Structures are given as C-alpha cells and as structure tokens.
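Owing to the predicted nature of the structure, the values given are computational and were not obtained by experimental measurement. Per chain, numbering begins at 1; letters A, B, ... match sequence-line order.
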Amino acid sequence: MKERLEQIKAEALKKIQDSDALDKLNEIRVNYLGKKGELTAVLKGMKDVAEKDRPKVGQMVNETRQEIESVLEEAKARMERAVLESRMKNETIDVTLPAKKKNMGHRHPNTIALEEVERIFIGMGYEVVEGPEVETDYYNFEALNIPADHPAKDEQDTFYINGDFLLRTQTSGTQVHEMEKGKLPIRMIAPGRVFRSDEVDATHSPSFHQVEGLVIDKHITFADLKGTLTEFARELFGEETKVKFRPHHFNFTEPSAEMDVSCFKCGGKGCRFCKGSGWIEILGCGMVHPNVLTMSGIDPEKYSGFAFGVGLERIALLKYEIDDMRLLYENDIRFLKQF
Amino acid sequence: MNTALSWIKAYVPELECSDQEYCDAMTLTGTKVENYERLDKNLEKIVVGRIEKIEKHPDADKLIVCQVNIGNQVIQIVTGAPNVKEGDKVPVVLDGGKVAGGHDGGPLPENGIAIKAGKLRGVESNGMMCSIEELGSDRNMYPDAPEMGIYIFPDHVQVGADAVEVLGLRDTVFEYEITSNRVDCYSVLGIAREAAATFRKPFVPPVVKVKENGENINDYVSVEVQDTDLCTRYCARVCTNIKIAPSPEWMQRRLAASGIRPINNLVDITNYVMEEYGQPMHAFDLDTVAGHKIIVRRAKDGDEFQTLDEQIRKLDKDILMICDAEKEIGIAGIMGGENSKITDDVKTVLFEAATFNGANIRKSAKRLGLRTDASGKFEKGLDPHNAEAAINRACQLIQELGCGDVVSGMVDVCQPMKEEARIKFEPDRINDLLGTEVSVNDMLDIFKMLDIRYEEDAGELIAPTYRQDLGCCADIAEEVARFYGYDKISTTLPNGEATAGKLSYKLRIEQKARDIVEYYGFSQGMCYSFESPKVFDKLLIPEDSPLRNAIVIANPLGEDFSIMRTISLNGMLTSLATNYNRRNKDVRLYELGNIYLPHQFPLTELPEERMQLTLGMYGEGDFYTMKGVIEEFFDCVGMKKKTSYDPKAEKSFLHPGRMANIIYDGEVVGYLGEVHPIVCSNYDISARVYIAVLDMPLITKNATFDRKYEGIAKYPAVTRDISMVVPKNIMAGQIEAMIEQRGGKLLESYQLFDIYEGEQIKEGYKSMAYSIVFRAKDRTLEENDVTSAMKKILNGLESIGIELRQ
C-alpha cells in the first residue's frame with residue numbers, strides 16, 4: 001500500500017514538474033485528487049485494509065494528498081505569476097507619448113500676485129475688504145489730507161465724472177471707509193482697481209490695481225510698520241530679501257516712507273533689472289496722519305496706526321519678469337497660459 | 001533737480017565723502033538721489049597743451065602736424081581740425097588716455113574711446129587734441145567752444161595743467177527726487193542744508209551784503225498789487241549802468257551742471273539765484289516799463305499777450321499779469337513779455353522777486369499750455385521771506401561781478417505773512433509714535449541742525465518759515481526719525497488684540513468662481529472699466545435700452561475710454577477677437593470685473609458697482625459646455641435649488657435661437673448664449689462664440705458654504721427608461737418639468753440619454769429618451785409604486801402631445 005502511494009506521489013510530482021500550463025495542472029489535480037482520481041481510488045480500496053491498519057493508511061493517503069496539493073498550488077502560483085509577467089511584458093507602453101490633459105485655465109498674474117499678498121496678510125490677522133471704484137472727492141482726497149489745491153488733484157492725473165465724483169486714483173479711500181465704521185482695532189488690506197489719466201505704454205496703464213493696508217490700534221509704532229512690511233517682503237520675495245526704508249512724503253501719512261527690497265535678480269549686487277542700484281522700490285507707507293484719524297472720527301491722542309499701498313502690477317511685473325504692462329490687459333491666451 | 005556736488009560743497013565746506021556715500025546718506029535722510037554722473041567719466045590723461053608749431057602733412061591736404069607743448073615735453077600730434085593756430089592752448093589727450101565721446105557729439109559710448117599713439121598717413125601722432133564734444137559736453141554748456149573743432153582755452157590757463165580740472169569737469173552731478181512737501185529743497189541751499197545735517201557738518205550759506213549806490217529806489221519805480229489774493233509779496237530792486245558780458249566761468253559751470261545754458265551775466269545771475277535760493281526772478285528793462293510803475297492784476301477774458309518766446313497767448317480773468325502804467329508786460333510767475341524783454345542794449349534793470357498763489361500759477365500754466373522753470377517752482381507755493389533774500393543776493397552778484405550798480409532800497413509790497421509754526425515739543429509722544437528711545441538731547445541736536453528753534457519756557461518748537469511742511473507733532477517725529485535714521489528704528493510686530501484674518505464673503509465666492517471656471521479651462525483676463533460709446537452699436541443694443549445710460553468721464557483719455565461700462569461683454573469680445581486674430585485655437589477666457597450702473601443723471605450718488613463673472617469661448621465646446629460650467633459652479637457654491645433656462649432672454653447681441661436667461665430659484669441671475677453672428681463680425685471673429693454672464697451680487701446672495709450630510713441611500717433604486725417622439729417645439733425643460741411635477745416623492749432623478757432628429761423620425765418631431773430613477777428612503781420599492789408614478793408621468797407627457805415609443 002505504502003509503495004503504491006509513494007509511486008502515485010512520485011508520478012504526480014513528476015507530471016507537475018513537467019507541466020507548462022495551468023490547464024495541465026488542473027488535469028493533474030483531477031487525475032490524482034479528483035473524485036475519480038488515483039488517490040480516491042486508493043481510499044476506495046480501504047475496505048480491503050485490515051481494520052487496525054486503516055487509520056494509519058488513511059493518514060498516509062491524506063499526507064500524500066496534501067503533499068501533492070501543496071506542490072500543485074506552488075506550481076500554480078508560479079505559473080500564474082509567469083502568465084502575469086508575460087502579459088505585463090506585452091502591455092509595455094510608450095511613456096513618452098503625449099499626456100492626456102484637462103487643459104485647466106490659468107489665473108491672471110495680477111490675481112496670483114494678489115493672492116500671495118492676501119495669504120501673507122490674512123496669516124497676520126488682516127481682513128480683506130473692498131471699496132468703491134467710482135468715488136467721491138471726499139474719500140479720494142479730502143479725507144486723506146489732500147487739500148483742494150493739491151497738485152495730485154489736478155485733472156491731469158484724475159478722471160473726473162463731475163465736480164464731486166471721480167474714478168478713484170488710489171485705494172487709500174478704503175482706509176477712510178474702514179475707519180468710519182467705528183470698529184477698532186483695524187487690520188485690513190483692501191485690493192482694488194484704480195485709475196489715473198496716463199496714456200498706455202510699456203510701464204503705464206490708465207487702469208491698474210493697488211493693495212491698501214491699514215492698521216489702527218493703541219500704541220502702534222513706526223517700528224511695527226517696519227516689522228510688518230519686512231515680514232511681508234520676506235514672505236513675498238524670499239527669506240534672504242533685505243529691505244530699506246527711505247523717508248518720503250504722502251499727505252495722509254506722517255512720518256512717511258518708501259520701502260525698497262534688495263534686487264531678487266542679482267541679490268543686491270546691481271544689475272540691469274534694478275538699474276544697477278541693487279534695490280527695487282516696492283511700496284509707500286507711513287504712520288496715519290493725525291488729521292486723517294481725526295477726520296475719520298478716531299482720536300489721535302489714543303490711537304495710532306500705519307498704512308501702506310502696494311502696486312499690484314508692479315509686484316506682478318517684477319516677480320514674473322513681465323517686461324510690458326500692456327500684456328496684462330491684452331488677454332492673449334499664450335501670455336495667460338504661462339501663469 | 002540736478003546740481004553739481006561742488007556747488008553743495010561750497011556751502012558745506014567740510015563735507016568729504018565719496019559719490020556713493022553721498023548718494024546713500026542723502027537718500028536715507030529723505031533727499032532721494034535718483035542718479036549721479038561723474039562729469040569726468042572716461043576722461044583720462046588729458047592736459048592743457050600749447051601748439052608751438054603747425055606744419056602741413058606731407059601726404060594729406062586736410063591734415064596738419066602740430067608740435068604741442070604739454071609742460072614737461074613737446075609731442076607731435078596730427079589733426080584734421082581746421083580751427084587751431086600756433087599759440088593756442090588746447091586740451092590734449094595723451095597716449096593711453098581716454099575721451100568720453102566722438103567729435104560728432106553723438107551718444108557717449110559706455111566705456112569711452114581709448115586713444116593710442118600711432119601713425120596718421122605715415123606721420124607719427126602721439127595724442128589727440130579734443131573738441132568739447134569729445135570731452136562729453138557740448139556747446140550749450142560751453143558757449144565759448146567753437147562749432148566744429150578743437151576747444152581753445154583762454155590764455156591764462158597754465159600749460160601742462162589737468163585740462164579736465166580747468167574745464168570744471170572734476171565734479172559729479174546729482175539728480176534728486178524732491179518730494180512735493182519740501183519746497184525749500186528745490187534749491188541748492190535747501191539741499192546743502194540737508195547735506196550738512198545728514199553729515200553733521202556746518203552749513204555755511206553765502207553772506208549777502210549789497211553795496212548800494214545811494215540813489216533812492218522810489219525815484220525809479222513804484223509797485224501796486226491790486227489782486228493781493230494771488231500775489232503775497234512783490235519785491236522790486238533796480239540796477240543801473242548795466243554792462244552785458246559773459247558771466248564768470250564758475251557761474252557758467254554751475255549753471256551748466258544744473259542743465260541751464262549760460263547766456264550772459266544778467267540772465268545767468270537770475271538763473272543762478274533761482275537755482276541757489278529756489279526763488280524765480282524776473283528782470284525787466286526799466287526803460288520799457290511805462291510810467292516806471294508796476295501793477296499786479298488779473299487779466300481780462302479774451303486779452304491777448306505776446307510772451308518773450310514770441311508766441312501770442314490767450315488770457316483769461318484768472319491769469320495774473322504784471323503790468324506797467326499802460327500795458328501788460330509779463331504773465332506773473334510764468335513768462336515775461338516780448339515788450340519788456342532784456343536786450344544787449346539794456347541800461348537799467350528792474351528785478352522782480354515775488355511770491356504768487358501756487359495753485360493759481362499751476363492752473364494758469366496748464367490752461368496756457370506753458371509750464372516754465374519759474375512756474376514749476378511757483379506752483380509749489382514759495383516762502384515770501386525767501387523772495388527778499390534772493391533779490392538781495394542777485395543785486396550783490398550784479399555789483400560784485402561788475403555787471404552794474406545797485407540802487408539803494410527795495411520796493412516791497414507784502415501781505416501779512418504766515419507766522420512761524422509753533423509746535424509743542426513732546427519727546428515721549430515722538431518716541432511712542434516711532435517705537436524708539438531717542439533722548440531729548442539727541443532730538444534737540446537734530447532740531448538745531450535743521451534751524452528748528454526750541455523755546456524751553458514755552459516747551460515749544462519753532463519751525464523756520466521755509467519749512468512749510470512742519471505743523472504738528474507727527475511732522476517733528478519725522479524729522480527725528482530722518483536724522484536718527486529710519487534704518488536704526490527697530491522692527492517689531494503690532495502686539496494688540498488679536499484679529500481674525502479673512503476674505504470677505506464676496507471675495508470668497510469670487511475665489512471659488514475662479515477655481516471652478518479655471519477647472520473648466522477658462523483663463524482669467526482683465527479688461528478696462530471704461531470703453532467707447534460705440535460699443536453699444538457694436539453689440540446691437542437698441543437706442544432706447546437703459547444700458548446706454550452710462551456714466552461719462554469728463555476728461556477721458558479719448559472717446560474710446562470715455563464711458564463706464566454698463567455691460568461686460570465688450571471687453572470679453574475684444575479679448576477673444578485679439579486671440580482669434582492671432583490664430584490662437586480653442587480659447588476660453590473669463591473676467592471678474594464691475595459694471596457701473598448710475599441711479600440717475602446727473603450723478604448725485606455713487607453708482608451701483610456690480611461684479612460680473614463673464615465667460616467667453618470659441619473653438620471646442622458649445623452652448624451646453626457653457627451651461628455645464630454654470631451648473632457646476634452653482635453646485636460648488638451650494639446653490640442646490642432648481643436652475644432653469646428661459647429662451648426669451650431678448651439679448652440683442654445673442655443668437656435669437658441660442659440664448660437663455662439663467663433662472664435660479666425663480667430669479668434671473670445671468671444669461672448665456674451664442675453671440676449673434678453680426679456681433680461676431682463686428683468684432684472680426686468668424687467662429688461661433690459662446691458667452692455667459694453671471695451677476696455676482698445675486699450669486700453671492702444665493703451661495704452658501706454650509707453643507708449638511710443627507711445620508712447615503714440604503715435601499716435600492718428602480719430605473720425606468722422611456723423613449724418618446726416629441727414635437728420639435730417642445731423643449732427638454734418642459735418634459736423635465738412634467739417629470740418633476742408628476743414624479744411624486746419617490747422620484748430621485750432623471751437623465752436624458754438620447755436625442756435624435758433625422759431620417760427615422762417623422763418631420764417636425766424628434767426622438768428623446770430619458771432614464772428615470774425612483775427610490776424610497778425607508779424601504780425597497782415595489783413594482784406598483786413605480787408603475788403608478790410612471791403612469792402619471794406618461795399621462796402628463798401625452799397630454800402635451802408627446803408620443804411614447806414602445
């Protein structure tokens with residue numbers, strides 16, 4: 001009996017080894033382990049075995065079955081693996097063929113620059129607000145300490161609708177709107193479109209964008225202004241950026257300053273980009289003029305604040321190295337797609 | 001403002017610094033240096049030489065061979081210049097030297113022109129004699145230079161000396177950007193005062209003492225100011241025995257460096273004092289002043305006047321004139337008259353130093369189209385005190401330079417002058433504002449340098465009259481900050497109450513809109529807010545449409561930019577046209593921008609500014625593509641209610657059969673459609689263009705970022721497909737409305753999955769097929785639930801003339 005089992009096993013294993021396809025393995029399974037298979041036949045012959053030997057023989061049959069099964073499984077796994085390998089080999093694709101794209105649209109470089117600016121100031125606790133583009137003379141000039149005869153009010157720079165209404169020349173009017181709401185402290189930025197009577201050329205546009213900033217609270221200092229805008233410049237142009245504050249003049253701030261950043265193209269050594277100076281002018285800023293606070297109903301004895309204004313196009317042109325402002329308003333898709 | 005550094009140093013004698021140091025330091029204290037240029041740039045190894053001997057060149061008719069004494073030796077130079085003769089002293093550039101430019105006076109090369117010894121037509125030449133152009137200047141600045149040819153020095157110049165030095169070119173010209181509040185710095189003295197304070201060196205202004213001839217000014221001239229509102233001060237002095245001659249070289253050099261052409265001693269003195277004191281002066285030939293009387297008054301409307309540039313100017317009643325007893329002789333603060341012009345025969349000069357209303361001068365100059373150096377200064381509003389100092393300085397120079405004699409006294413018609421500003425000195429408040437700890441003594445030191453006096457008893461600071469910008473504590477704080485150093489102030493962050501950073505709700509919706517339409521391939525464009533009134537015709541907008549009631553800009557850049565848009569389409573179509581014209585394929589653009597809707601005319605309140613989301617495309621995609629974008633957008637901003645489309649949008653600029661109003665929750669929130677072929681052709685686009693416009697205020701009103709989870713269906717759905725033959729005039733919207741209306745509570749969704757018109761379908765009909773899904777939230781549906789719902793739907797469809805296909 002034992003010999004018989006050994007013989008079946010050897011025969012089966014040999015056949016398994018020789019087989020080269022999954023259906024052959026299946027045939028072997030049927031022939032040896034199936035209902036009409038050899039091992040089953042052996043089991044059927046158990047009735048001829050002595051009662052006391054039956055458990056032992058049964059065990060032997062089972063062991064043989066398990067051995068064959070396990071070798072079969074192994075062979076099957078190996079073969080399936082081989083089939084898979086060969087299928088995958090045939091499925092090799094040319095990964096350098098063109099991609100299938102959704103062709104997403106692109107944001108305008110101004111908007112990308114604005115979102116950068118917004119992200120930085122929102123992170124510092126600023127609210128983003130807006131003001132009207134058609135403004136009154138009061139909000140655009142008078143409330144900003146720009147008296148009736150100031151040259152900035154000259155028709156040359158301002159588009160007027162009539163004596164009282166005009167297209168705002170700066171976003172600074174939003175400072176006044178915000179202060180008049182009477183809610184303190186204030187930390188806001190106000191992006192928006194502004195208008196000046198400049199003919200269109202590579203560096204001028206009669207319509208462009210600014211971002212106004214205003215902070216009003218108790219004990220706000222010029223040092224706070226410097227700290228905030230230094231932080232802003234480093235976030236926007238990189239950690240290595242150096243800043244320089246120069247005295248300047250704006251009617252609605254005192255003291256006033258302009259902020260330069262070290263040229264991000266040459267790192268400050270001087271190049272064509274920064275006209276050899278190593279510095280690039282970025283924004284105007286200053287401590288809110290006490291007259292402006294008073295006119296907007298805030299007591300300059302108790303509160304102080306700082307304000308700043310950034311030209312968005314200027315940031316976009318510098319940051320993305322766009323050499324002609326007209327490109328920003330032509331909306332040529334080949335330009336927009338680069339952002 | 002351009003000024004030679006040597007002129008500044010004349011008043012700050014101890015100033016010693018490199019050009020770059022000067023530039024940086026001045027910029028940091030607020031006198032911004034825009035630029036500076038060395039006048040001796042690329043001028044190397046140039047000396048004064050004397051031509052000892054001139055011989056003809058043996059081989060060239062147009063060349064001569066000169067023996068030139070350069071002090072320590074005599075060198076041979078070959079030249080083609082026609083103007084030199086033996087004994088002339090000339091600038092000579094030696095072998096290995098450099099000049100700034102060519103003899104043609106063209107643009108100067110960046111690195112100059114190197115000069116080397118060599119042979120000219122076989123004859124050795126060891127250097128080059130220079131023209132003024134080769135030295136980087138021109139005849140405007142050196143009027144004594146010959147027109148073509150070598151510059152010839154006056155005889156007193158020493159042979160062998162540094163020619164660049166002799167010409168006054170060892171100097172640097174600085175260009176400053178002066179801020180409008182610092183009127184005092186539009187003068188050499190003003191800048192010198194700032195330089196002295198910046199470098200903490202003594203400021204030494206010129207000492208003005210006038211040697212007078214003892215005659216009485218009142219015997220010469222009288223002055224009457226009639227319009228005192230426009231003329232705050234009028235100072236007049238008279239000089240006699242005028243001898244017109246060139247001004248001294250030092251004066252010519254300083255003027256030239258400031259970009260002012262030297263003319264003669266009298267003109268140069270007035271220009272010199274204008275630069276030095278920032279006070280424009282005018283000189284009249286007193287013999288042409290009728291009645292020897294000056295009257296300052298307004299012109300009359302319609303008067304005409306010939307200015308000294310020989311132009312006839314039309315006057316009006318707001319232009320201030322300088323007149324004599326009979327006639328007008330000058331436009332105050334802008335330009336003198338032809339009739340009182342100084343000529344070389346002048347004997348007696350009347351000097352005027354006056355101050356006028358700055359705004360009036362600015363407006364007058366603008367109306368006249370005549371902006372002069374003088375008006376540019378007057379329009380800033382000058383300090384009346386300075387006028388007297390300046391006129392005395394001019395008289396001093398007349399006398400000292402031998403130009404004439406000065407009549408004693410000055411006629412001075414002066415309105416009460418503004419008192420000096422007194423400002424409470426609050427050192428703590430200054431430090432609080434700046435975030436600094438500057439000591440009181442340091443502050444007082446700064447004030448002293450700036451001529452700001454401190455009255456300890458009153459605790460007040462007194463600003464000099466020329467500092468019209470100082471009026472309050474913040475102004476004083478700026479002075480402290482400037483000279484303490486903006487760069488020394490620390491950098492801190494505000495530490496008050498914390499505030500939440502955020503976008504406004506409107507801006508959040510706009511940001512979402514950008515995200516979604518960009519996902520659908522639309523790129524963001526930006527268009528102008530103003531456009532041409534012709535746009536309405538281009539868009540076929542009817543004559544009586546309220547859209548034509550646009551705000552008009554009173555002073556536009558031209559008709560094309562003259563009205564504020566009331567509809568956003570023109571910008572979009574123009575941009576698409578630009579792309580189409582440039583052969584860009586499959587273009588999709590969007591714009592987020594305002595339209596401006598006035599409430600009434602004339603404008604008495606702000607117009608309504610409504611943000612419009614405008615989408616436009618041509619190439620790939622159609623009406624339904626656009627519709628899909630709109631619906632996805634609505635979905636993403638939480639607009640989950642019913643959106644429907646009304647084809648009766650009645651937009652003149654859209655294809656009559658391919659347009660719809662977008663109706664959300666019963667309200668029109670925008671429209672979409674194919675652009676009318678005529679409009680397309682008006683914009684030169686020969687493709688089908690689709691647009692959609694959403695009114696963002698209405699979107700913002702309906703949008704929400706609130707989301708509530710509704711659970712995922714637990715029980716299976718049952719789907720029924722129906723196929724119909726539908727009369728062509730019945731729209732999908734009607735069928736869907738019927739399905740919704742009749743589907744009952746169990747109706748979950750429906751979808752059109754096939755639409756066909758053509759051969760197998762009878763004329764006037766189309767075939768449509770819908771898949772309708774039913775589901776109950778709480779149980780598995782039974783057959784008769786669905787059958788009865790379907791029956792209602794089918795009955796309804798049949799009632800509007802739809803045939804069901806089995």
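Proximity to chain A (any heavy atom under 4.5 Å) is restricted, for I551(B), to the side chain, taken from C-beta onward. For C527(B), the parts lying under 4.5 angstrom from a heavy atom of chain A are both the backbone and the side chain. Using a 4.5 Å cut-off between heavy atoms, K380(B) makes no contact with chain A at all. At a 4.5 Å heavy-atom cutoff, the contact between T27(B) and chain A is made by backbone and side-chain atoms alike. P132(A) touches chain B through backbone and side chain together, each having a heavy atom under 4.5 Å away. Using a 4.5 Å cut-off between heavy atoms, F121(A) does not touch chain B at all. In this structure, the portion of T604(B) lying under 4.5 Å from any heavy atom of chain A is its backbone and not its side chain. Only the side chain of E591(B) comes within less than 4.5 Å of a heavy atom in chain A; its backbone stays farther off. Residue T29(B) touches chain A through its backbone alone, counting heavy-atom pairs closer than 4.5 Å. Of the atoms belonging to L606(B), heavy atoms from both backbone and side chain fall under 4.5 Å from chain A. When heavy atoms are compared at a cutoff of 4.5 Å, Y519(B) approaches chain A by way of both its backbone and its side chain. With a threshold of 4.5 angstrom between heavy atoms, R429(B) approaches chain A through side-chain atoms but not through N, CA, C or O. Heavy atoms closer than 4.5 Å to chain B are found in the side chain of F195(A), but not in its backbone.
For the atom pair CG (D432(B)) and NZ (K218(A)), the distance works out to 14.0 Å, reported to the nearest 0.5 Å. The structure places NE2 of H108(A) at 12.0 Å from CG of L592(B), a figure rounded to the nearest 0.5 Å. To the nearest 0.5 Å, atom CD1 of residue I489(B) and atom CZ of residue F245(A) are 10.0 Å apart. Taking CD from E281(A) and NZ from K32(B), the interatomic distance works out to 4.5 Å, rounded to the nearest 0.5 Å. If you take CG on L336(A) and CZ on R588(B), they are separated by 15.0 Å, rounding to the nearest 0.5 Å. Note that the CG atom of N555(B) and the CD1 atom of I161(A) stand 9.5 Å from one another [nearest 0.5 Å].
Residues F530(B) and S207(A) approach most closely at CZ-CB, 4.2 Å, considering heavy atoms. Nearest heavy-atom pair across P255(A) and L434(B) is CG-CD2, 3.9 Å. The shortest non-hydrogen separation linking T499(B) to G125(A) is OG1-O, 2.7 Å. Residue N579(B) comes nearest to I333(A) through the heavy atom pair OD1-N, 2.7 Å, listed as atom of the first residue, atom of the second, then distance. Of all heavy-atom pairs spanning L433(B) and E254(A), the tightest one is CD2-O, 4.3 Å. Nearest heavy-atom pair, E133(A) versus S529(B), reported as atom, atom and distance to 0.1 Å: OE1-OG, 4.2 Å.
Ionic pairing of R107(A) and D515(B) is present here: one or more N-O contacts between side-chain nitrogen and carboxylate oxygen are shorter than 4.0 angstrom. Salt-bridge formation is not detected for the pair E177(B)/R246(A): no Lys NZ or Arg NE/NH1/NH2 atom is positioned less than 4.0 Å from an Asp or Glu carboxylate oxygen. By the 4.0 Å N-to-carboxylate-O rule, R193(A) lies too far from E609(B) to be salt-bridged with it.
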* **Audit row: M526(B), T111(A), side-chain contact (heavy atoms from CB on, under 4.5 Å) steps and yes/no** => CA-CA 10 Å; M526(B) 286 201 180; T111(A) 308; 3.6 Å; yes

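Of the residues considered (L503(B), T179(B), L557(B), T31(B)), L557(B) shows the highest number of contacts with chain A, using heavy-atom pairs under 4.5 Å. Of the listed residues (A474(B), G358(B), G381(B)), the one with the most heavy-atom contacts under 4.5 Å to chain A is A474(B). Options E479(B), Q511(B), Q20(B) differ in how many heavy-atom pairs under 4.5 Å they form with chain A, and the most are formed by Q511(B). The choice from P494(B), S575(B), A498(B), S504(B) that makes the most heavy-atom pairs within less than 4.5 Å of chain A is P494(B). Here R582(B) is the residue among R582(B), E379(B), K506(B) with the most heavy-atom pairs under 4.5 Å with chain A. The choice from T578(B), N594(B), L603(B) that makes the most heavy-atom pairs within less than 4.5 Å of chain A is L603(B).
With hydrogens and angles ignored, the 3.5 Å screen pairs no side-chain donor or acceptor of K337(A) with any backbone N or O of S523(B).
Ring-plane geometry between Y329(A) and Y528(B) is classed as parallel, the angle between the planes falling under 30 degrees on a 0 to 90 degree scale with a further cut at 60.
A search for salt bridge (charged side-chain N to carboxylate O under 4.0 Å, His left out) contacts involving D475(B) returns nothing, not counting sequence neighbours.
For F561(B) and F159(A), the gap between ring centers reaches or exceeds 6.0 Å.
Stacking of K502(B) on the aromatic ring of Y126(A) is not recorded, the 6.0 Å distance cut-off and the 45° axial limit not both being met.
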